[in-house]
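Letters A, B, ... mirror the listed sequences (proteins, then strands); counts begin at 1.
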There are 2 protein chains.
Amino acid sequence: MECKKTNFGQEHKKEMRAVQDSMDVLSGKWKIPIISSICYYNKRRFSDILNDIDGISNRMLSKELKELEINQLIKRTVLETQPITVEYQLTDHGLTLRTIINNLTEWGIDHRKVIVGKPL
Amino acid sequence: MECKKTNFGQEHKKEMRAVQDSMDVLSGKWKIPIISSICYYNKRRFSDILNDIDGISNRMLSKELKELEINQLIKRTVLETQPITVEYQLTDHGLTLRTIINNLTEWGIDHRKVIVGKPL
DNA sequence: CAGGATCCTATACGATACTG
DNA sequence: CAGTATCGTATAGGATCCTG
């Protein structure tokens with residue numbers, strides 16, 4: 001005998017799992033900035049991303065890029081230059097994050113206003 | 001004279017800072033689930049949230065609620081019952097996260113399909 | 001240039017017990 | 001009920017140096 005409240009809760013549990021799945025992939029200090037950098041310039045090389053993002057180390061960039069690639073958000077292309085360069089770009093799946101990134105950008109600006117009282 | 005590319009990059013740096021501001025507040029394992037729980041039920045007591053979220057400890061819940069309150073996303077109300085109960089609800093500012101949470105929910109479902117739902 | 005290897009610190013998080 | 005206190009582990013992240 002299922003009551004309405006049960007399904008209500010069940011449905012919410014699914015939503016929470018979904019939202020946690022997203023955060024598992026996007027959480028942390030660098031993932032979103034990296035995606036944002038690549039997305040903004042369409043294609044971006046390792047050293048360019050390193051310069052785009054203030055404070056990131058090559059170790060972290062390397063590590064994060066690998067995870068993003070495993071999650072099929074970015075695609076890695078080795079260019080046979082001398083020395084070699086590597087280009088990153090978003091996959092179709094990665095591009096679906098644009099809405100979220102735009103929302104997070106707007107919300108971040110708004111949040112700063114609320115907390116600090118004024119934008120910088 | 002300023003070239004377009006300069007403003008281009010400058011503008012992007014601002015966007016990245018905004019997006020990082022958001023992630024500073026929302027990153028981690030529990031913040032979004034907590035907000036989601038409170039938002040879903042409108043008002044929610046400490047022990048209810050504890051039950052809503054699978055795996056969270058009272059220590060973490062307490063800590064995270066405090067941070068969310070500092071960031072003015074939730075409002076804490078002590079009810080003079082016996083023993084006392086405490087109700088949490090989203091502030092107006094906290095409510096502005098609904099769009100992001102909805103997007104993250106949809107994206108999480110989509111992402112799971114892409115990652116585990118693909119043929120090997 | 002693009003990263004890997006190594007070492008280290010800080011913080012996130014978890015388990016359990018206790019209190020007003 | 002709604003937390004705190006204490007302790008312990010795991011992981012995130014940083015600094016530096018090395019290599020094809």
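Partners of B:K31 under the salt bridge (Lys or Arg N to Asp or Glu O under 4.0 Å) rule, at least two apart in sequence or in another chain, are B:E64, B:E67. Checked against side chain to side chain donor-acceptor pair (under 3.5 Å), A:S57 has no partners two or more places apart in sequence or in another chain. Listed by chain and number, the residues in a side-chain contact (heavy atoms from CB on, under 4.5 Å) with B:T91 are B:K75, B:H93 (sequence neighbours excluded). Annotation: side chain to side chain donor-acceptor pair (under 3.5 Å) contacts of A:D24 (sequence neighbours excluded): none. Under the side-chain contact (heavy atoms from CB on, under 4.5 Å) criterion, A:K43 pairs with A:E87, A:Q89, not counting sequence neighbours.
One interatomic measurement links the two molecules: CG of A:D52 to P of C:dA2, which rounds to 12 Å at whole-angstrom precision. If you take CE of A:M23 and C1' of C:dC13, they are 16 Å apart, rounded to a whole angstrom. Atom pair B:E87:CD and D:dC1:P shows a separation of 15 Å (rounding to whole Å applied). Spacing between atom CD of A:Q20 and atom P of C:dC13 amounts to 11 Å, rounded to whole angstrom units. Atom CD1 in A:I56 sits roughly 14 Å away from atom P in C:dA2 (whole-Å rounding). The distance from atom CG of A:D24 to atom C1' of C:dA12 is 14 Å, rounded to the nearest whole Å.
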Review item, nucleotides 15-20 of chain D N/O atoms under 3.5 Å of protein N/O:
{"unit_1": "D:dA15", "atom_1": "N6", "unit_2": "A:R59", "atom_2": "NE", "d": "3.3"}

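For the residue pair B:H12 / A:S37, no side-chain donor-acceptor distance below 3.5 Å is found, with atom types taken as modelled.
For residues 63-82 of chain A, no residue pair satisfies the ring pair (Phe, Tyr, Trp, His ring centres under 6.0 Å) rule, not counting sequence neighbours. Sorted by first and then second residue, the ring pair (Phe, Tyr, Trp, His ring centres under 6.0 Å) pairs with a member in residues 44-89 of chain A form an empty list; sequence neighbours excluded. Applying the side-chain hydrogen bond (donor to acceptor under 3.5 Å, both in side chains) rule to pairs touching residues 96-106 of chain B yields A:W107-B:T96, sequence neighbours excluded.
Within a heavy-atom distance below 4.0 Å of DNA chain D, the residues of residues 60-81 of chain B found are B:S62, B:K66, B:R76. Residues from residues 27-35 of chain A lying near DNA chain C, meaning a heavy-atom separation below 4.0 Å, are absent.
The phosphate of C:dC1 (OP1 or OP2) has no side-chain N or O of A:T85 nearer than 4.0 angstrom. Taking side-chain N and O atoms only, A:Y88 has no distance below 4.0 Å to OP1 or OP2 of C:dC1.
Within the helix from C:dC1-D:dG20 to C:dG20-D:dC1, the inter-axis angle between the opening and closing five-pair segments is 50°, rounded to 10°.
Within a 6.0 Å radius of NZ in A:K13, other residues, nucleotides and ligands contribute more than 12 heavy atoms.
B:N51 places a side-chain N or O within donor-acceptor distance of the main-chain N or O of B:S47, the cut-off being under 3.5 Å.
Closest approach of A:M23 to B:L26, counting heavy atoms only: CE-O, 3.4 Å.
A side-chain contact (heavy atoms from CB on, under 4.5 Å) with B:I34 is found for exactly one of B:L73, B:L68, B:I74, namely B:L68.
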